[in-house]
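Some notes on the structure that comes next.
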Amino acid sequence: MILDQILIYPLKSGKGCSLSEAIVHPWGLDGDRRWAVVDERGDNLWLGEFPRLASVAAHATAEGGLRLAARGMEPLTVPPAAGAATPVGFSGLDKAVLADDAAHAWFSALLERPARLVWLDDPGRRSIDPAHGGLPGEVVSFAWDAPLLLISESSALALDGWLAEEAARCGEDPPGRLSRVRFRPSVIIDGAEAFAEDRWREVRIGAVPFRVSEICDRCAVTTIDPETQEKGKEPLRTLARHRKWDGRTWFGIRLVPRETGLIRVGDPISPG
């Protein structure tokens, strides 16, 4: 088993960036989900409700700002966030730092509603929700419920097969390969048996050990095509036939780093 892909999402709900290597911090991969879009109350404007966020390419600048681009929008370079601390509605976190007015205007135009861009100045301030397997002292960025999400290419291939069977059963055109980015993974591994990760409690990627905090329950974000931003029924319809228990559908596992370090594409995977 090897590490096949590494992805970060500099902007929560934005496009992913593929990397050949990444530094692992206690709160996640370096540069991952330190920026987020919120409304006037500080509540997260998330991809499941605002699919156009998936069109936003965001890249960190050397100065600590953010370069933004999206279809139909003029590119924007956001300087390092230096605004006031504002209340935000993320579990385990009280406040984040406002970006500048131009960034707020850019996202308000993109989403056609009032929006603000915020930066998580210190991810060590945000604790992982105990309801999602968080233990005392464990922290996370703006990612949902754990610092990293792992999916297996073998499991994704099994799902591709189920999707084709479901389409045939329903008299629909055969689907193509499902984009793995729909699952918002941090790491994609290859070489494991399909869904072997369900049974793991620990996993080592290269020299870095992780704790498996929980299997990941899947939401409406997976039904959004990351290229077109169109919503559909899949893969939740098919996952509900094959991977549903406790009233939810499941795919992938959430990881909490036990140590910091560097991971690289091609690193061996050692489960436990």
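For this chain, numbers begin at 1 and follow the sequence in order. Small disclaimer: the values here were computed from a predicted structure and weren't measured.
- Nearest heavy atoms, Asp190 versus Ser154: OD1-OG, 4.3 Å.
- Ile128 places a side-chain heavy atom less than 4.5 Å from the side chain of Pro147.
- Of the possible polar contacts, none joining the Arg264 side chain to the Leu3 backbone as a donor-acceptor pair under 3.5 Å is found.
- With a 4.5 Å cut-off on side-chain heavy atoms, Ile189 and Asp4 do not count as touching.
- Here the CG atom belonging to Leu262 is positioned 11.5 Å from the CD1 atom belonging to Ile205, to the nearest 0.5 angstrom.
- Surrounding CD of Glu230 are at most 12 heavy atoms belonging to other residues, nucleotides or ligands under 6.0 Å away.
- With salt bridges taken as basic N to acidic carboxylate O contacts below 4.0 Å, none links Arg52 and Glu112.
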(Q) Run Ser91 and Arg126 through side chain to side chain contact (heavy atoms under 4.5 Å, CB included) and show every step you take. (A) CA-CA 8 Å; Ser91 64; Arg126 187 185 180 207; 3.3 Å; yes
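- A cation-pi arrangement is present between Arg184 and Tyr9 under the rule of less than 6.0 angstrom and at most 45 degrees off the ring axis.
- Contact check for Glu138 versus Ser213: no side-chain heavy atoms found under the 4.5 Å cut-off.
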Q: Please test Leu68 against Met73 for side chain to side chain contact (heavy atoms under 4.5 Å, CB included), starting from the C-alpha separation and ending with a verdict.
A: CA-CA 9 Å; Leu68 300 171; Met73 299 289 294; over 6 Å; no
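- When side chains are defined from C-beta on, Leu53 counts as touching Leu110, because their heavy atoms get closer than 4.5 Å.
- Taking the six-membered ring for Trp and the full ring otherwise, Phe251 and Trp162 have centroids separated by 6.0 Å or more.
- Formation of a donor-acceptor pair under 3.5 Å by the Gln229 side chain with backbone atoms of Glu227 is found in this model.
- Between Glu172 and Arg237, at least one side-chain N (NZ, or NE/NH1/NH2) sits under 4.0 Å from a carboxylate O, which counts as a salt bridge.
- The pair Arg41-Asp43 meets the salt-bridge criterion, with a side-chain N (NZ, NE, NH1 or NH2) lying under 4.0 Å from an Asp/Glu carboxylate O.
- Cluster membership for Ile188 and Phe183, using ILVMFWY side-chain heavy atoms within less than 4.5 angstrom, is shared.
- To the nearest 0.5 angstrom, Arg180 atom CZ is 9.5 Å from Ser152 atom OG.
- Side-chain atoms of Ser186 come within 3.5 Å of backbone N or O of Leu149 as a donor-acceptor pair.
- Results of the side chain to side chain contact (heavy atoms under 4.5 Å, CB included) test with Lys12 over Val118, Asn44, Val38, Asp32 single out Asn44 as the only residue that passes.
- In this structure, Ile215 and Trp245 have side chains that are in contact, with non-hydrogen atoms separated by less than 4.5 Å.
- Here the straight-line distance linking atom CG of Leu150 with atom CG of Leu255 works out to 5.0 Å at 0.5 Å rounding.
- For Leu117 against Ala103, the heavy-atom pair with the smallest separation is CD2-CB, 3.8 Å.
- Annotation for Glu202: atom CD counts as buried by contact number, over 12 foreign heavy atoms lying within 6.0 Å.
- Looking at every heavy atom in both residues, Ala115 comes nearest to Leu45 through CB-CD1, 3.8 Å.
- Taking every heavy atom of both residues into account, Val221 and Arg182 meet most closely at CG1-O, 4.0 Å.
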Q: Go through the steps to decide whether Glu197 and Ser155 satisfy the test side chain to side chain donor-acceptor pair (under 3.5 Å), and finish with yes or no.
A: CA-CA 9 Å; Glu197 63 274 15; Ser155 302; 2.7 Å; yes
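- Here the closest heavy-atom approach between residue Gly83 and residue Val97 is recorded as O-CG1, 3.5 Å.
- Proximity of a side-chain donor or acceptor of Ser18 to a complementary backbone N or O of Leu7 within less than 3.5 Å is not detected.
- Within the model, atoms CG of Leu111 and CG of Asp39 stand 11.0 Å from one another, a figure rounded to the nearest 0.5 Å.
- From Asp217, atom CG reaches atom CG of Asp246 across 10.0 Å, with rounding to the nearest 0.5 Å.
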Q: Before giving the answer on side chain to side chain contact (heavy atoms under 4.5 Å, CB included), spell out for Val24 and Phe210 the whole-Å C-alpha distance, their side-chain angles and the decisive distance to 0.1 Å.
A: CA-CA 10 Å; Val24 179; Phe210 298 84; 3.9 Å; yes
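- Glu166 places no side-chain N or O within donor-acceptor distance of the main-chain N or O of Cys170, the cut-off being under 3.5 Å.
- Side chain of Asp129 to backbone of Asp145: no donor-acceptor contact under 3.5 angstrom is found.
- Hydrophobic clustering, with ILVMFWY side chains joined whenever heavy atoms are under 4.5 angstrom apart, keeps Phe90 apart from Val139.
- No side-chain heavy atom of His242 sits under 4.5 Å from any side-chain heavy atom of Leu159.
- Note on Arg243 versus Asp198: salt bridge recorded, some NZ/NE/NH1/NH2 to OD/OE distance being below 4.0 Å.
- Cluster annotation: Leu239 and Ile253 are assigned to distinct hydrophobic clusters (Ile/Leu/Val/Met/Phe/Trp/Tyr, side-chain heavy-atom contacts under 4.5 Å, transitive).
- Side-chain atoms of Val88 and Leu120, non-hydrogen and from C-beta on, never get closer than 4.5 Å to each other.
- Here the side chain of Lys15 pairs no donor or acceptor atom with the backbone of Pro226 at under 3.5 angstrom.
- Taking a cutoff of 4.0 Å between a charged side-chain nitrogen and a carboxylate oxygen, Arg125 and Asp94 qualify as a salt bridge.
- Comment: Arg113 engages Glu40 in a salt bridge, judged by a side-chain N to carboxylate O separation of less than 4.0 angstrom.
- Checked by atom type and distance alone, the side chain of His25 never pairs as donor or acceptor with a backbone atom of Thr260 at under 3.5 Å.
- Both Phe195 and Ile151 belong to a common hydrophobic cluster when Ile, Leu, Val, Met, Phe, Trp and Tyr are linked at side-chain heavy-atom distances under 4.5 angstrom.
- Under the 4.5 Å side-chain contact rule for hydrophobic residues, Phe50 and Leu47 share a cluster.
- Ser13 places none of its side-chain heavy atoms less than 4.5 Å from the side chain of Val37.
- The backbone N or O of Ala220 lies less than 3.5 Å from a partner atom in the side chain of Thr223, making a donor-acceptor pair.
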Q: Carefully, step by step, assess Trp119 and Val78 under the rule side chain to side chain contact (heavy atoms under 4.5 Å, CB included).
A: CA-CA 11 Å; Trp119 180 62; Val78 180; over 6 Å; no
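- In this structure a side-chain-to-backbone donor-acceptor pair under 3.5 Å is present from Asp122 to Gly124.
- Put simply, CG on Leu66 and CG on Leu11 are 6.5 Å apart, with the number rounded to the nearest 0.5 Å.
- Of all the heavy atoms in Ala131 and Glu214, the pair that sits closest is O-OE1, 4.4 Å.
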